[in-house]
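Written below as structure tokens is the structure these notes are about.
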Number of protein chains: 2
Amino acid sequence: MEEGPPDPERAATPTLTAVARMAGVSPITVSRVVRRPDIVSAETRQRVEDAIRKLGYVPNMVAGSLASARTKSVGVLVPTIANSIFADTVQGLSDVLEPQGYSVILAQSGYDPLREDRMLAALLSRRPEAIIMVGAPLTADGAEMLRRARIPVVETWELPAAPIDAAVGFDNHDAGVVVARHFASAGRQRLAFVGGDDRRATQRWHGFVEAARQVGLEDPRRVVVEWQSGAGAGTAALAEVPDADAVFAANDAYAIGLLSALRRAGRLQAEPGATPAIGVVGLGDLEMGRLFSPTVSTIRIDGAAIGRAAAELALDPAKPRRVDLGFELIVRESG
Amino acid sequence: MEEGPPDPERAATPTLTAVARMAGVSPITVSRVVRRPDIVSAETRQRVEDAIRKLGYVPNMVAGSLASARTKSVGVLVPTIANSIFADTVQGLSDVLEPQGYSVILAQSGYDPLREDRMLAALLSRRPEAIIMVGAPLTADGAEMLRRARIPVVETWELPAAPIDAAVGFDNHDAGVVVARHFASAGRQRLAFVGGDDRRATQRWHGFVEAARQVGLEDPRRVVVEWQSGAGAGTAALAEVPDADAVFAANDAYAIGLLSALRRAGRLQAEPGATPAIGVVGLGDLEMGRLFSPTVSTIRIDGAAIGRAAAELALDPAKPRRVDLGFELIVRESG
DNA sequence: TTAGGCAATGATAGCGCTACCATTTTACCA
DNA sequence: TGGTAAAATGGTAGCGCTATCATTGCCTAA
């Protein structure tokens, strides 16, 4: 038995025109059934919907976007999504965007300025209706690309003095100040800072140093760790600050790694409730931090709320362009 | 002084044609400079690149995709990205896709079949060149949509008997078997299982029960927890299995939550090295698990490797369609 | 009756690019 | 020197949709 030629109506991905033909209406009517069903008569709508189902028609949004100049997509750029607090932010913004029919185009920069620019260009070439990114662009070129795109741009996790368009976050410098003062008021003498060397970590570091000086403490020591390293970096950092009595870790993973190393080295008090020999404060308020022993003191940041707020600013240019979501020092057992 | 009309060449987003005009070449030549610079003479290329830079031209990939029927994008569907092992998988696949010029369109299903179908339809309407998802589709409709799309589809984190196209993962049933046998060989008597009720968790549960029966143990108890709940669920689960002497937690976060609750309840041995009163094994091998005290025994899964392999199968239909990346039982202090 | 209004549908003309085939120019060799 | 191939460039058509402006019929009001 010979195979007949494949029925083109079934083999190829069906188009809106194919649906129109089958339903006996014009293409534009099919388009209306998909996008504005309320303006089509019930009878026609039914016929079209049957045809759509029979053909398994899936609208081609690429064509639709070109014709309407609306892509219903938002570009999202984060340094990294794995093992990170930024995952919460992506979750939060997705939760706002998806119900409104927007898709998220995700890109990662790995804290690399060149890669960031490449990713920004790649995102913009897809004509998203807005860009949400962690931090401000790392290069002037990147900033210029964003300005030229003439779409809402939301920078998050920091509050630049002159954002391209909008910003949602908190004052990283202040976070450093608050932790240093906390350590000082607890009578700590020799402070240290463990974190990456990206801009946000550096802002925290500056606040930390300045506040330490202001209260008359000697300058803290700074340990720079690779962003790819997780909690292990906290562990390794211990060797670099042998005589510190208080450490601000730029995220909770580092804090936990550090505390774990301290425990193994026998440098944590055994009795709960006692002041630990070395105070450690993290940032991010990971759930793990509450379960760890000692429970981890931290600067609490609501990453999901940052994401949700960013999505709202991205979709509505009338919203305030600068939202400070703040942070909170949560003192637990670790100091 | 009167404002002149805005120069249209500068105000609107420049098109390829505008670049061509400025460089004195045909539009197609500009297109070549962008996509295949090697086939354009050095001189012409220079002129065109200058024009591109001067105008700040960013190619419109929406139009390009429509014309070429290639979107250079991949749809990625995960249950959730926050606080989860799937973030590693997304990272892994991005690491393979981005250098090849592919964008990731990310969607989350929240383990909800209807939402999954909606997200699948939304993804497919953007005509991605492949779909990578965690697990097999939850509904027959979803599976049918994917089949009709005639693009590579990679299911991950499980190995369905009949994948739509390809699958990368491990045998979840087997993982349950291995943990149950491990508990049995350690002399445990009353087993329990803590996890979600999604398909992968249920497969682990089935393997766990079957292996327990096979070695003559009484049927394990199953505690179902909400997927949104993090480690806290592990803590809460303790109350539900008061008499168990071994617990398989479907992920490391639950395991850590459980261990934390056990410690607070004073039900963990004080002396390190001793066999704990209750054995706990997690899944995922979170870095935290190695830092926790006791260190957490776990079924080690390489989420990033799953992502990388999935991306490779998605881009190359010639690659084997079924990749078992396996898992490894790592026995640490927790049992 | 007749104008006016609205609901429902359609025809036409692109959106900004690339596939596909010319066409022109240059290079090279017998 | 002509002939052929390869390199460089261009013209035309169309991807699958939607914006915009008709057009058609029918209902209502004075």
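Numbered from 1 within each chain, the chains take letters A, B, ... in sequence-line order.
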Scan A/T44 against the nucleic acid and name what it touches under 4.0 Å (heavy atoms): base, sugar-phosphate only, or nothing.
sugar-phosphate
Pair A/Q108, B/Q91: side-chain N/O donor-acceptor within cut-off below 3.5 Å:
yes
Any salt bridge linking B/R308 with B/D95? Criterion: basic side-chain nitrogen under 4.0 Å from a carboxylate oxygen.
no
Both B/S68 and B/D38 contact DNA chain D. Which one's nearest nucleotide lies toward the 5' end?
B/D38
Rounded to whole Å, CD1 of A/I39 lies from C1' of C/dT9 at a distance of 10 Å
Whole Å only: how far is the CG atom of A/N60 from the C1' atom of C/dC15?
13 Å
Considering only NZ, NE, NH1 and NH2 on the basic side and carboxylate oxygens on the acidic side, decide whether A/D50 and A/R47 come within less than 4.0 Å.
no
Let's see if you can work this out: which of D/dG16, C/dG16, D/dG10 has an atom nearest to the side-chain heavy atoms of B/S26?
D/dG10
Basic-acidic side-chain contact under 4.0 Å: A/R118, B/E98
no
May I ask you to verify if any side-chain N or O of A/T17 is less than 4.0 angstrom from the OP1 or OP2 atom of D/dG16?
no
Using whole Å, what does the distance between atom C1' of nucleotide D/dG16 and atom CE of A/M61 come to?
14 Å
What is the distance, to the nearest angstrom, from the CG atom on B/L124 to the P atom on D/dG16?
16 Å
Would you mind classifying the nucleic acid contact of B/V25 as base, sugar-phosphate or nothing, using non-hydrogen atoms under 4.0 angstrom?
sugar-phosphate
Between C/dC17 and B/S31, is there an OP1 or OP2 to side-chain N/O distance shorter than 4.0 Å?
no
Donor on one side chain, acceptor on other, B/W227 and B/T80, under 3.5 Å
no
Note: B/E129-B/K72 ion pair, threshold 4.0 Å (strictly below):
no
Would you say D/dT9 has OP1 or OP2 under 4.0 Å from some side-chain N or O of B/S41?
yes
Sugar-phosphate only, base, or nothing, as touched by B/R35 at under 4.0 Å among non-hydrogen atoms:
sugar-phosphate
To the nearest angstrom, the CD-C1' distance between B/E43 and C/dT25 comes to 13 Å
Nearest-neighbour nucleotide for the A/Y57 side chain, D/dC17, D/dT9, C/dG16 considered:
D/dC17
Rounded off to whole Å, could you give me the CZ-to-C1' distance for the B/R45 and D/dT9 pair?
14 Å
Under 4.0 Å between any heavy atoms, over every strand shown, what does A/V40 touch: base, sugar-phosphate, or nothing? Just pick one.
sugar-phosphate
Let's test your reading of the model: under 3.5 Å, does the base of D/dG10 pair with the side chain of B/R32 as donor and acceptor?
yes
Without decimals, in angstroms, what is the distance between B/L66 CG and D/dA13 P?
18 Å
Establish, with yes or no, whether the OP1 or OP2 oxygen of C/dG10 is under 4.0 angstrom from a side-chain nitrogen or oxygen of A/T29.
yes
Contact nearer the 5' end of DNA chain D, comparing B/A67 with A/P27:
B/A67
Between CD1 of A/I28 and C1' of C/dG10 the distance, given in whole Å, is 9 Å
